[in-house]
Chemist: 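This is the structure, below, for whatever I ask next.
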Amino acid sequence: MAKKQFKAESKRLLDMMINSIYTHKEIFLRELISNASDAIDKLYFRSLTDDSVKLKKKDFFIRLAAAKENRTLTVRDNGIGMTKEELEKNLGTIAKSGSLDFKNENETGGKVDVIGQFGVGFYSAFMVASRVTVRSRAFGAQEAWQWESTGAEGYTIEPCDKEDVGTEVILVVKENEGEEHYDEFLDDWRLAGIVKKYSDYIRYPIKMLREKSRAIEGTDKDEEGHYKAPEYETYTEDETLNSMVPIWKRDKKKVKDEEYAQFYKDKFGDYSDPARVIQSKTEGTATFNALLFIPSRTPYNYYTKEYEKGLQLYSSGVLIMEKCADLLPDYFSFVKGLVDSEDLSLNI
Ligand code: ADP
Ligand code: MG
């Protein structure tokens, strides 16, 4: 089958993308998950006015599956899916954002917010994958299509079998090379950690089947009733990796001081409780939720060159920047915290 070339500038952009824009390779997962979440938002939005959408809010999910044997990592969603034309248009042209088109075409009246506004996120998959396959069936379509690419050389599109509406992005994870341990992206623990770090607040469940191990009941004693090391068995559990509700969006009165303190310590690496917690919501042309902490001690590296001021920046619950310096004046450089915006244009 003839290979199609990416549109003009796309090749160079893809090279740039793979090699420089993002310093942390792990963020590819955030990008794929936010695309999945956007796609679900779109179908959910549609369900509000279209009775032929049978799914209810609780039926939507994103699922991760890693298979070490064949080095694949799959991110699956039951969102709106893509037609053949959409696969071409959305994945064949870098920096062409379908989400932006959707936002412009629909008066969404604040019912749905779409994270991605610049068409580059998807390509971050090539930072960790030697091949990316996208299998998709659009809502309302009878047939499904498969898009496949190994990077800058181009891509192929062909028909495929897919029962359900939605999209499956399958990465063949690169072999380790030198310092780069791509293997980690096939590891359940690591994947769960990345989801916690960047996508905890995605409002649909991000699920993964996990192998776990437990002591077999009654095997911790020998025949004479003396305690011994128990026998273990492995079992599989379907786990939801994200908590779905950001603490800063919960009702202030219902969040306990300990919860704020725990969140502060987890997120900002302090071992003492904060001296003050400030939570605020600003509504207007833009909606911002802010959660700020005044540390009770001087940060250990405060007087060193390494200390960087800044707040975490979220867009609709997805972490997009670890330290946004512009959000803090110098005289508040000791403040920790985050700002979440509902309608922020993503800027890399
Ligand atoms: P952005 O999300 O900023 O628009 P991306 O490069 O991340 O840019 O994705 C490009 C486009 O591909 C999206 O706008 C969307 O139209 C389409 N797309 C990507 N992933 C999915 C998915 N899982 N389901 C449906 N459409 C998708
Ligand atoms: Mg995106």
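Values below: every heavy atom of this structure, side chains too, minus hydrogens, waters and symmetry copies. Numbering of ligands and ligand atoms starts at 1, following listing order.
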Chemist: When you measure from the Mg ion (ligand 2) to the N, O or S atoms of N35, does any of those distances fall below 2.8 Å?
Modeler: yes
Chemist: Do the side chains of K254 and E259 get close enough for a salt bridge, i.e. N-O under 4.0 angstrom?
Modeler: no
Chemist: Just jot down the ligand 1 atoms closer than 4.0 angstrom to any heavy atom of L91, in number order.
Modeler: 12 (O)
Chemist: Can you list the residues that meet the salt bridge (charged side-chain N to carboxylate O under 4.0 Å, His left out) rule with E85, with sequence neighbours excluded?
Modeler: none
Chemist: Using a strict cut-off of less than 4.0 Å between a Lys/Arg side-chain nitrogen and an Asp/Glu carboxylate oxygen, indicate whether K25 and E180 qualify as a salt bridge.
Modeler: yes
Chemist: Please tell me if the side chains of Y204 and K57 come closer than 4.5 Å, counting only heavy atoms from C-beta onward.
Modeler: yes
Chemist: What pairs with E239 under salt bridge (charged side-chain N to carboxylate O under 4.0 Å, His left out), at least two apart in sequence or on another chain?
Modeler: R210, K212
Chemist: Ignoring angles and geometry beyond distance, decide whether Y123 reaches within less than 3.5 Å of ligand 1 through its nitrogen or oxygen atoms.
Modeler: no
Chemist: Using a strict cut-off of 4.0 Å, indicate which atoms of ligand 1 neighbour a heavy atom of M82.
Modeler: 17 (C), 18 (N), 21 (C), 25 (C), 26 (N), 27 (C)
Chemist: What are the atoms of ligand 1, with element, lying closer than 4.0 Å to any heavy atom of F122?
Modeler: 5 (P), 6 (O), 7 (O), 9 (O)
Chemist: Regarding atom 23 (N) of ligand 1: of the candidates I33, N35, D38, D77, which has the closest heavy atom?
Modeler: D77
